[in-house]
A.B. asks: 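Quick one: structure below, then a few questions.
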There are 2 protein chains.
Amino acid sequence: MPMTLSVAREQTQRPSMTHFVQPTGISASDESPASTSLGFHLRQLQPFSTRQHFDRNETIFLEGEPAKRVYRVISGMVRVCRHAPNGARHIADFVLPGELIGFGEFAEHPYSAEAVTPATLTAYTRTSFERLTSSTPAVRAQLVSLLTRTLLATQQQLFVLGCQTAKQRLASFLLRLADRTDVTAGERLDLAMGRLDIADHLGMTIETVCRAIAALRDARVLTVPNSHQLILNDLRALRALSTAQ
Amino acid sequence: MPMTLSVAREQTQRPSMTHFVQPTGISASDESPASTSLGFHLRQLQPFSTRQHFDRNETIFLEGEPAKRVYRVISGMVRVCRHAPNGARHIADFVLPGELIGFGEFAEHPYSAEAVTPATLTAYTRTSFERLTSSTPAVRAQLVSLLTRTLLATQQQLFVLGCQTAKQRLASFLLRLADRTDVTAGERLDLAMGRLDIADHLGMTIETVCRAIAALRDARVLTVPNSHQLILNDLRALRALSTAQ
DNA sequence: CGACCCCTTGACATGCATCAAAGGGAGTGG
DNA sequence: CCACTCCCTTTGATGCATGTCAAGGGGTCG
């Protein structure tokens with residue numbers, strides 16, 4: 001269902017001085033420490049970078065395409081996903097502003113990337129990215145750190161899919177999203193992605209996602225102002241769910 | 001259930017010349033190209049290495065322990081797993097001879113490691129391992145490569161757990177195991193791990209694993225000489241299963 | 001030979017998928 | 001500004017795959 005691949009390129013050429021490295025993996029949870037570092041170094045790559053805008057559901061790159069660029073999300077949300085032959089879709093992760101896409105070391109993208117919302121990204125050529133990562137030891141260490149954190153997040157998701165029920169998966173998902181977007185109890189948590197996206201990320205159907213949300217709502221664990229915003233009232237209950245069994 | 005942590009150390013001190021680096025991740029699919037490289041470089045670390053033997057079900061290290069060593073499996077099989085508070089267990093991956101454990105960049109092991117069979121491992125101090133990885137650019141690149149491959153394997157498993165049915169999961173598992181152990185159609189595939197291990201790895205119950213094996217056996221896709229060996233008769237059917245849906 | 005452990009199979013229960021239909025919300029055209 | 005349409009969400013009814021509970025089988029070790 002995801003769409004065409006259009007590109008609006010704005011050459012943002014500025015001679016900077018250092019390389020800013022970020023791994024081209026699936027979804028780089030580019031948190032404070034490493035994100036800061038990598039983001040900082042990536043600035044050096046501005047002369048080799050391009051700013052691109054994508055509409056909702058637009059394809060950024062397709063699985064199997066040569067991995068010629070590393071992307072950094074500036075605004076909006078991106079999903080990293082794979083389409084099975086039979087039409088099934090698996091969303092490996094959602095990518096938030098500041099995080100990197102495609103920083104892994106592979107010749108062809110193992111996953112597709114699509115815009116969940118209208119999104120702006122900075123694209124760095126892989127050549128310059130690799131030059132940056134191989135130049136400075138500190139930058140290389142940050143790449144390793146980012147890869148490690150991405151691996152840990154992926155393994156955590158593996159545990160979620162392997163051991164948890166529908167409600168528990170939803171709780172885990174919401175807690176991680178709230179954590180990544182710095183939303184706490186009582187505040188509005190933005191669900192930029194649709195129910196189907198959540199379902200394909202958690203290995204459930206859209207109906208089950210709806211029912212799980214309804215169940216948590218009925219249990220007063222969360223409030224649903226509208227379908228794209230949630231208020232997490234009871235973080236303890238959510239944590240109990242995501243931790244337990 | 002997994003056991004105590006005993007250690008039989010045989011100091012294997014030999015002054016080698018180069019550092020042999022391997023990432024301390026969950027399970028390092030240390031395939032030919034990178035494995036060769038990393039294995040080669042790790043030889044340099046022999047002066048800082050220890051050979052240890054573990055009995056079946058013995059704990060090599062526990063989740064949460066400080067990650068002071070990087071291990072390389074010499075013989076036997078190891079499982080990398082996590083124990084949930086309620087007793088549930090999740091096996092992130094099995095580690096085969098030649099592969100590394102604990103090569104990720106973290107202060108504490110995010111997972112436990114336990115011997116599936118009696119196993120011999122070489123332990124390298126993290127200090128020397130990191131010295132090796134930071135010294136040579138080539139070695140560092142191999143670490144990045146290993147991390148990337150581990151990440152890809154983990155994401156593949158994520159897809160398996162997120163989108164596939166019991167029979168499909170089993171097919172995917174068997175194909176990967178056969179591939180990693182260089183077993184082809186008609187040959188005996190060794191299942192060193194028990195049914196429960198497979199179940200905890202695939203997010204199923206032991207009964208469902210048994211039934212899935214029985215179903216494939218009844219469909220003549222595989223033969224079951226005994227419970228610890230399989231013969232994959234019809235790779236096409238297995239591939240169709242693991243690919244489809 | 002006996003005990004233990006793991007595997008296997010059966011019977012039943014249930015969580016989730018599937019099928020179906022109705023209820024918003026946003027954008028478009030009248 | 002309202003009405004229509006489309007898309008997504010929500011809820012209900014039903015079925016199935018897998019989990020759960022239970023019992024028996026086979027191999028291995030002492």
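In what follows, chains carry the letters A, B, and so on, assigned in the order in which the sequence lines appear, proteins first and then strands, with residues in each chain numbered from 1.
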A.B. asks: Taking CD1 from B:I198 and P from C:dC6, how many angstroms apart are they, rounded to a whole number?
C.D. replies: 14 Å
A.B. asks: Taking atom types as modelled and ignoring hydrogens, do the side chains of B:N57 and B:R79 form a donor-acceptor contact shorter than 3.5 angstrom?
C.D. replies: yes
A.B. asks: Taking CZ from A:R195 and P from C:dG24, how many angstroms apart are they, rounded to a whole number?
C.D. replies: 15 Å
A.B. asks: Indicate the ring-plane relationship of B:Y71 and B:F54, choosing parallel, tilted or perpendicular according to the 30° and 60° boundaries.
C.D. replies: perpendicular
A.B. asks: In this structure, how many angstroms lie between the C1' atom of C:dT8 and the CD1 atom of B:I213, rounded?
C.D. replies: 10 Å
A.B. asks: Counting side-chain heavy atoms from C-beta on, which of D:dT18, D:dT9, C:dC7 comes nearest to A:S227?
C.D. replies: D:dT9
A.B. asks: Could you give me the CA-CA distance, side-chain angles and deciding distance for B:D197 and B:R89, then say whether salt bridge (charged side-chain N to carboxylate O under 4.0 Å, His left out) is met?
C.D. replies: CA-CA 9 Å; B:D197 286 325; B:R89 185 182 67 159; 2.8 Å; yes
A.B. asks: How large an angle, rounded to 10°, do the end axes of the helix from C:dC1-D:dG30 to C:dG30-D:dC1 enclose when each is built from five base pairs?
C.D. replies: 30°
A.B. asks: Can a donor-acceptor pair be found, under 3.5 Å and without considering hydrogens, that links the side chain of B:H228 to the backbone of B:L191?
C.D. replies: yes
A.B. asks: Whole Å only: how far is the CG atom of A:D200 from the C1' atom of D:dC8?
C.D. replies: 14 Å
A.B. asks: What is the minimum heavy-atom distance between A:L62 and A:H109, and which atoms define it?
C.D. replies: O-CB, 3.9 Å
A.B. asks: Between C:dC16 atom P and B:L161 atom CG, what is the distance in whole Å?
C.D. replies: 15 Å
A.B. asks: Without decimals, in angstroms, what is the distance between A:R56 CZ and D:dC7 P?
C.D. replies: 11 Å
A.B. asks: Could you pull out the closest heavy-atom pair between A:V116 and A:A192, with the gap in Å?
C.D. replies: CG1-O, 3.8 Å
A.B. asks: Scan nucleotides 9-11 of chain C against the protein and return all N/O pairs shorter than 3.5 Å with their distances rounded to 0.1 Å.
C.D. replies:
{"unit_1": "C:dT9", "atom_1": "OP1", "unit_2": "B:R217", "atom_2": "NH1", "d": "3.4"}
{"unit_1": "C:dT9", "atom_1": "OP1", "unit_2": "B:R217", "atom_2": "NH2", "d": "3.4"}
{"unit_1": "C:dG10", "atom_1": "N7", "unit_2": "B:R211", "atom_2": "NH1", "d": "3.0"}
{"unit_1": "C:dG10", "atom_1": "O6", "unit_2": "B:R211", "atom_2": "NH2", "d": "3.3"}
{"unit_1": "C:dA11", "atom_1": "N6", "unit_2": "B:R211", "atom_2": "NH2", "d": "3.4"}

A.B. asks: So A:T205, base contact, sugar-phosphate only, or nothing? Heavy-atom distance under 4.0 Å.
C.D. replies: base
A.B. asks: Of all heavy-atom pairs between B:L232 and B:A178, which one has the smallest distance, and what is that distance?
C.D. replies: CD1-CB, 3.8 Å
A.B. asks: Are the side chains of B:Q164 and B:F159 in touch, meaning some heavy atoms are under 4.5 Å apart?
C.D. replies: yes
A.B. asks: Atom CZ of A:R169 and atom C1' of C:dC16: how far apart are they, to the nearest Å?
C.D. replies: 10 Å
A.B. asks: Want to settle it: does A:N226 or A:M204 sit nearer the 5' end of DNA chain C, counting the closest nucleotide to each?
C.D. replies: A:M204
A.B. asks: In whole Å, what is the span from the CG atom of A:L170 to the P atom of D:dT9?
C.D. replies: 13 Å
A.B. asks: Quick check: closest heavy atoms across A:L177 and A:D190, and the distance to 0.1 Å?
C.D. replies: CD2-O, 3.8 Å
